[in-house]
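Below is one structure, written out as structure tokens; the observations come after it.
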Amino acid sequence: MNVTDLHKILNDEQLLGVTTTEGPVLILAGAGSGKTRVLTHRVAYLIEQGVEPWNIMAITFTNKAAGEMRERVNNIVGHGAEQVWVATFHSSCVRILRRFADRIGFDTNFSIYDADDSKSVMKEVCKTLNIDTKKIKEKRILSVISAAKDEMINEEEFARQNESDFRMAPYISAYREYQARLRSNNAFDFDDLILKTVELLKYDPEVRNFYQEKFKYIMVDEYQDTNTVQFELVRLLTGPAQNLCVVGDDDQSIYKFRGANIYNILNFEQHFPSATVIRLEQNYRSTKRILEAANNVIRNNEGRKEKTLWTENEEGEKIRFKQFDSAYEEAEFIAMDIKSQLRRGNFKYDECAVLYRTNAQSRILEEKFINENIPYRIVGGVNFYSRKEIKDVLAYLKTIDNGDDDLAVQRIINVPKRGIGATSFGKVADYARAEGMSFYAALMEAEEITSLGKAVTKITPFVEFIEDLKKRQKDFTIAELIREILDQTGYVDELSAEGTDEALARIENIEEFINKALIYQQENEAPTLSGFLEEVALIADIDRLDDDEEYVVLMTLHGAKGLEFENVYMAGMEDGLFPSYMTITDDDDQEMEEERRLCYVGITRAKQCLTMTAAKSRMVRGEWQYASISRFVKEIPKEIMEGSVWEKPKNDFIELFDAAPKKSFAEKKKEATKPTAAADYARLTRGSEIKKTDLEFGIGDRVAHIKFGEGTVENIADGGRDYEVTVNFDRVGVKKMFASFAKLKKI
DNA sequence: GTTAGAAACAATCCT
DNA sequence: TGTTTCTAAC
């Protein structure tokens, strides 16, 4: 495709982004301005100009983005596209380390530790160092270490910088010990994958030259979210020609807590003085009103590159806003509205997304979605691969793959129960430490550990089992290996004997996991156990989203970055939740600006329709909390908002409720407390206009609640439109509730 | 050594 | 409210 042809499908700025191939380029790409389009065509253009595909590297933020880019490049280029290096920061580093980790004292079959693994290691570290985890929590130490690693401060440098501060002493020794353990386990945590790669490139000119020569053209997506160590990595990979093209939007920088350094993008022109700067400000995604809302919110931020997005799209519907009495009603409304939109043929399920600030909010939404029989998929929360049963199976695989991985071995030594308890465990661990060997190596010579006594007879069969699998490993595919493990250990049998819903769900998860192994096997030319484990370790929640299935997506605002939907709901628009309580109390206005950017990201996900909802009260950790409408909502001009009165969806709501929701695992209890659908709807449409009704009870009266049972009224407070009643229930204790929907009966 | 039930505790967002 | 850790009894 020549430049004239390209001009037919790209605007002037986009074209410039595609064809400015030499030297450093900064593309400031506003939301929905077609940056993926620019990146993919840029890759295609480079190849057409005669650049070899293997000389091109594109770093993305998620595996999903990488996959999409690869697919789109494939469609334009025809052949050779698979040779382009398209990967995330983490998987790029793994690829480099798998090849050269031996140069920094690791074995190339290293394990990758996730957050759970890191925490287990840190627990051990605190135990050995006698650090009181009541005073300093493991999580706190880990986050200090992680922040240091983001800034490229290794354990020695950290010690040097903090030696004068006695309060830092435990952190210094913990950091040292933690790193020592990772090394002896032959493992990297997430941060080390990048930090160690940077160290490798820095101190090994041979490796550095190898990659600098390989990657003649580098592109980085979502550049505003890179941190210091990632910047350094990019800098080290970029050869003297400096053919580096970064794409990002400072207004969408939302990962400061993860070390993202916004100055990487704000100061790009200082880092690379010869840089060409290109601005993409035309939005192709959203309606005029949605964009106006976004612009009006984000312009309240001070530290940003001034720009205003514009669009030629149509005006569109007003932004809808609605406040409810409780999070339950909020969730109910969203579920029903989605159903009604579907019924009217406006949107299909997969065109709708519900976005929220915290994962905890997903629970109520999920409940209502089940009730209403709406297909949904929750992104985030408990990662599939961090479920207990999956981690158990993974630990077996890791033990077979990397015997030095103490963590994996220790996890499964007594799973399922083999009668090897804490005492034997401790004896083996002591022996391993004294002899300077790995835990598994100590198990192999259990006969030598005299203190074990009879316990040896429990250990030898385990070691024999693992050794047998190691030997026969090459005869199996990964899926077969997993089946073999499950058969021999009786893991699944045990679960099915248990027979509870939970156990059955675990079996299903294991089946799904085996499926993943099969898919991996099919999709890779040279599948290896290490390769599979690595893929599993680096998979993000968002990567598991399947675009072809029809379901509503529920996820955090962070998770939504880079995605778009026709119909978006932003739930929980309350001060204290979004922006979060911590942001409000903290007087650092940087934090508030980051929250605002997050809001901007949320708004700009919507193409056609945007609905914001809030609840006056919601249950947080067992307590009712009350909140007012988010300040961000108030930053949107009234003229483009449809306020608190909610329009009835024409005549279809009766029909809507005729389709009785199929009962799933939503408990019958819930069903019992559920008023009729019509009443539900009336209540929802009434929303914030609930009229005060005269109460039939007073303070001291006995009342009955449909779910909580009987109790005594302790207080009645005038809450404006409604009464807030405090009741001391016999069974469940004190609860606060609004009279109009608590439906309390005097007895 | 195992297990169940009580007590303690929890504060975003993520690779 | 939901999960993790501690304790006591089998």
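Everything numeric here is computed off the predicted structure, so don't read it as measured data. So you know, we letter chains A, B, ... as the sequences are listed, proteins then strands, and number each from 1.
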Side-chain contact check for A:H558: nearest option of B:dG1, B:dC13, B:dT12 is B:dC13

Regarding A:N359, tell me which of base, sugar-phosphate or nothing describes its non-hydrogen contacts under 4.0 Å with the strands shown.
sugar-phosphate

Presence of A:K139 side-chain N/O under 4.0 Å of B:dA11 phosphate oxygens OP1/OP2:
yes

Checking B:dT2, B:dC14, B:dT15 against the side chain of A:N414 (C-beta onward), the nearest is B:dT2

Considering only heavy side-chain atoms of A:R621, the closest of C:dG2, B:dT12, B:dA10 is B:dA10

Regarding the side chain of A:K134, the nearest nucleotide among B:dC9, B:dT3, B:dG1 is B:dC9

Side-chain contact check for A:A540: nearest option of C:dT5, B:dT15, B:dA11 is B:dT15

Ignoring hydrogens and angles, state whether a donor on the side chain of A:N185 or A:Y113 is under 3.5 Å from an acceptor on the partner side chain.
-> yes

Check whether any side-chain nitrogen or oxygen of A:T358 sits under 4.0 Å from OP1 or OP2 of B:dA11, and answer yes or no. no

*Got a donor-acceptor contact below 3.5 angstrom from the A:S580 side chain to the A:G576 backbone?*
no

Geometric cation-pi criterion, A:K561 with A:F61: 6.0 Å, 45°:
yes

Rounded to whole angstrom, note down the P distance from B:dT12 over to C:dT5. 16 Å

Winner on side-chain proximity to A:R363, out of B:dT12, C:dT3, C:dT1, is C:dT3

Note: A:G572 and A:F578 closest approach over all heavy atoms is O-CB, 3.8 Å

Query - Centroid distance under 5.5 Å and plane angle under 30°, A:F257 vs B:dC13 - result: yes

Per atom distances to the A:R258 side chain, the nearest of B:dG1, B:dC14, B:dA11 is B:dC14

Roughly how many Å apart are B:dC13 and C:dT4, using the C1' atom of each and rounding to a whole number? 22 Å

